[in-house]
Amino acid sequence: MIAWIRIALIVVVLSVMTLVLAPLQLLAARRGWRLARRLPFVWHRVACPLIGLRVHVQGAPSERRPLLLVSNHQSWADILALGWVTELSFIAKAEVRDWPAFGLLAKLQRTVFVERAERRAVARQTQAIAERLNGGEAIVLFAEGTTSDGNEVLPFKTALFGAAQAALTASGAEDMMIQPVAVAYTKANGLPLGRFGRPLVAWPGDVTLGPHLLAFLKEGAVDVEVVFGEPLRFTADSDRKRVARQAESAVARLLSTALQGRGPGTIRPAETANAGALASESERADIMISMGREMLQDEPAPHRS
């Protein structure tokens with residue numbers, strides 16, 4: 001009974017807050033006001049503690065702009081956790097736009113919707129992302145193109161990394177930052193989730209959203225680690241597929257150390273030199289493994305974004 005009362009309270013508070021802020025957010029977005037970036041951040045700052053999502057941050061998002069944040073993806077909760085940290089927008093598949101409740105929230109967040117299955121639209125979508133990057137925004141790309149079980153990082157898709165090159169071309173800037181970030185769910189009510197407990201938060205495959213969302217809200221408290229790696233310097237001459245592989249390796253390392261409960265001092269930084277430079281020996285091994293999967297990287301994902 002207490003759990004259901006708590007869930008009802010969450011629904012009421014978030015609904016009222018959304019209804020109050022939505023008109024102002026729509027106006028701010030239409031007028032191009034700075035407030036349009038701030039209000040979603042405020043919403044996430046209220047929503048996370050309300051639903052019991054306890055966010056712990058290691059590292060920090062780069063202050064350099066343009067900035068493309070590249071993250072692993074397990075659940076709708078990733079958006080709340082990342083949105084709690086700083087002001088940002090997301091890239092999501094077009095179907096999300098029509099989802100009940102989540103579609104409205106995505107629009108208010110000023111999400112960039114993409115048609116991954118429509119290759120002819122990639123250039124237009126890439127340009128839209130580039131315009132937002134050049135406007136000084138931090139954009140999050142869930143580069144796996146689908147949701148995982150939260151225990152490992154799936155192969156990164158490379159097509160939308162082209163937005164970084166488009167942003168450089170349009171702005172005339174010398175370089176931009178691509179920053180790896182890992183989202184790891186570690187505890188529920190103070191107890192380690194473990195490999196088999198992580199589906200409490202992860203939303204992979206064909207799991208129905210309603211029951212999954214209710215199970216999460218009933219839990220009470222879930223700890224999530226958001227770990228920022230060292231930014232990769234990206235220039236107009238950088239190979240986007242190579243950069244995608246480097247980012248994938250960095251996110252995988254960050255996720256692994258976070259799930260093992262190791263502190264920020266033990267997390268090995270991603271490569272900070274020019275993304276076109278040679279990787280270290282261990283990174284070369286990661287890249288060679290990833291190259292065997294390259295043919296799959298640009299295929300449209302069959303599941304969620």
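Throughout, numbering of the chain's residues begins at 1 and tracks the sequence.
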Side-chain touch [X]/[Y], heavy atoms, less than 4.5 angstrom:
{"X": "E144", "Y": "N72", "result": "yes"}
{"X": "W43", "Y": "L105", "result": "yes"}
{"X": "W33", "Y": "L27", "result": "yes"}
{"X": "V70", "Y": "P180", "result": "no"}
{"X": "V140", "Y": "I91", "result": "no"}
{"X": "L213", "Y": "W203", "result": "no"}
{"X": "H212", "Y": "W76", "result": "yes"}
{"X": "V57", "Y": "F228", "result": "yes"}

Value rounded to 0.5 Å, distance of [atom1] in [X] from [atom2] in [Y]:
{"X": "R30", "Y": "Q25", "atom1": "CZ", "atom2": "CD", "value": "12.0 Å"}
{"X": "I139", "Y": "L67", "atom1": "CD1", "atom2": "CG", "value": "9.0 Å"}
{"X": "L141", "Y": "I129", "atom1": "CG", "atom2": "CD1", "value": "7.0 Å"}
{"X": "L217", "Y": "W4", "atom1": "CG", "atom2": "CH2", "value": "9.5 Å"}
{"X": "F234", "Y": "I178", "atom1": "CZ", "atom2": "CD1", "value": "5.0 Å"}
{"X": "L88", "Y": "L68", "atom1": "CG", "atom2": "CG", "value": "11.5 Å"}

Exercise. Any idea how F90 and H44 line up, ring-wise: parallel (<30°), tilted (30 to 60°), or perpendicular (>60°)?
Worked result: perpendicular
Heavy atoms only: give me the nearest [X]-[Y] pair and the separation to one decimal.
{"X": "A106", "Y": "F113", "result": "CB-CZ, 3.8 Å"}
{"X": "A258", "Y": "T186", "result": "O-CG2, 3.7 Å"}
{"X": "L108", "Y": "P40", "result": "O-CG, 3.9 Å"}
{"X": "A81", "Y": "V226", "result": "CB-CG2, 4.1 Å"}
{"X": "D223", "Y": "H56", "result": "OD2-NE2, 2.6 Å"}
{"X": "L200", "Y": "E219", "result": "CD2-CG, 3.6 Å"}

Exercise. What do the steps show when you test Q246 against L232 for side-chain contact (heavy atoms from CB on, under 4.5 Å), and what is the final call?
Worked result: CA-CA 9 Å; Q246 290 176 327; L232 299 169; 4.2 Å; yes
Is [X] linked to [Y] within one hydrophobic cluster, defined over Ile, Leu, Val, Met, Phe, Trp and Tyr using a side-chain heavy-atom separation of less than 4.5 Å?
{"X": "V55", "Y": "V42", "answer": "no"}
{"X": "W84", "Y": "V13", "answer": "yes"}
{"X": "L214", "Y": "V201", "answer": "yes"}
{"X": "F41", "Y": "M17", "answer": "no"}
{"X": "F102", "Y": "V46", "answer": "yes"}

Between [X] (side chain) and [Y] (backbone), is there a donor-acceptor pair under 3.5 Å?
{"X": "S75", "Y": "A202", "answer": "no"}
{"X": "N151", "Y": "R198", "answer": "no"}
{"X": "Q179", "Y": "S62", "answer": "yes"}
{"X": "R6", "Y": "I51", "answer": "yes"}
{"X": "S71", "Y": "F142", "answer": "no"}
{"X": "R54", "Y": "P49", "answer": "no"}

Exercise. With distance as the sole criterion, is a donor-acceptor pair present between the side chains of Q260 and S256 under 3.5 Å?
Worked result: yes
Problem set entry | Any donor-acceptor N or O pair under 3.5 Å, side chains S15, T18 | no
Exercise. Applying the side chain to side chain donor-acceptor pair (under 3.5 Å) test to S89, which of Q109, R37, R132 qualifies?
Worked result: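 Single side chain to side chain donor-acceptor pair (under 3.5 Å) partner of S89 among Q109, R37, R132: R132.
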Seminar exercise, completed: Exactly one candidate in E248, R240, K241 meets side chain to side chain donor-acceptor pair (under 3.5 Å) with T158; the answer is R240
Problem set entry | Salt bridge E174-R233, side-chain N to carboxylate O under 4.0 Å | yes
Exercise. Can we say E137 and R110 salt-bridge, meaning some charged N sits less than 4.0 Å from an Asp/Glu carboxylate O?
Worked result: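 So E137 pairs with R110 through a salt bridge.
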For this session: Could you go through the side chain to side chain donor-acceptor pair (under 3.5 Å) check for D149 and Q74 one step at a time?
Result: CA-CA 6 Å; D149 63 4; Q74 304 135 87; over 6 Å; no
For this session: Decide yes or no on side-chain contact (heavy atoms from CB on, under 4.5 Å) for L82 and V181, but give the supporting numbers first.
Result: CA-CA 9 Å; L82 289 167; V181 55; 4.1 Å; yes
Problem set entry | From CA spacing to verdict: salt bridge (charged side-chain N to carboxylate O under 4.0 Å, His left out), R34, E87 | CA-CA 11 Å; R34 180 70 173 73; E87 299 173 10; 2.6 Å; yes
Exercise. Stepwise, does the side chain to side chain donor-acceptor pair (under 3.5 Å) test hold for Y185 with D78?
Worked result: CA-CA 9 Å; Y185 297 92; D78 301 343; 2.6 Å; yes
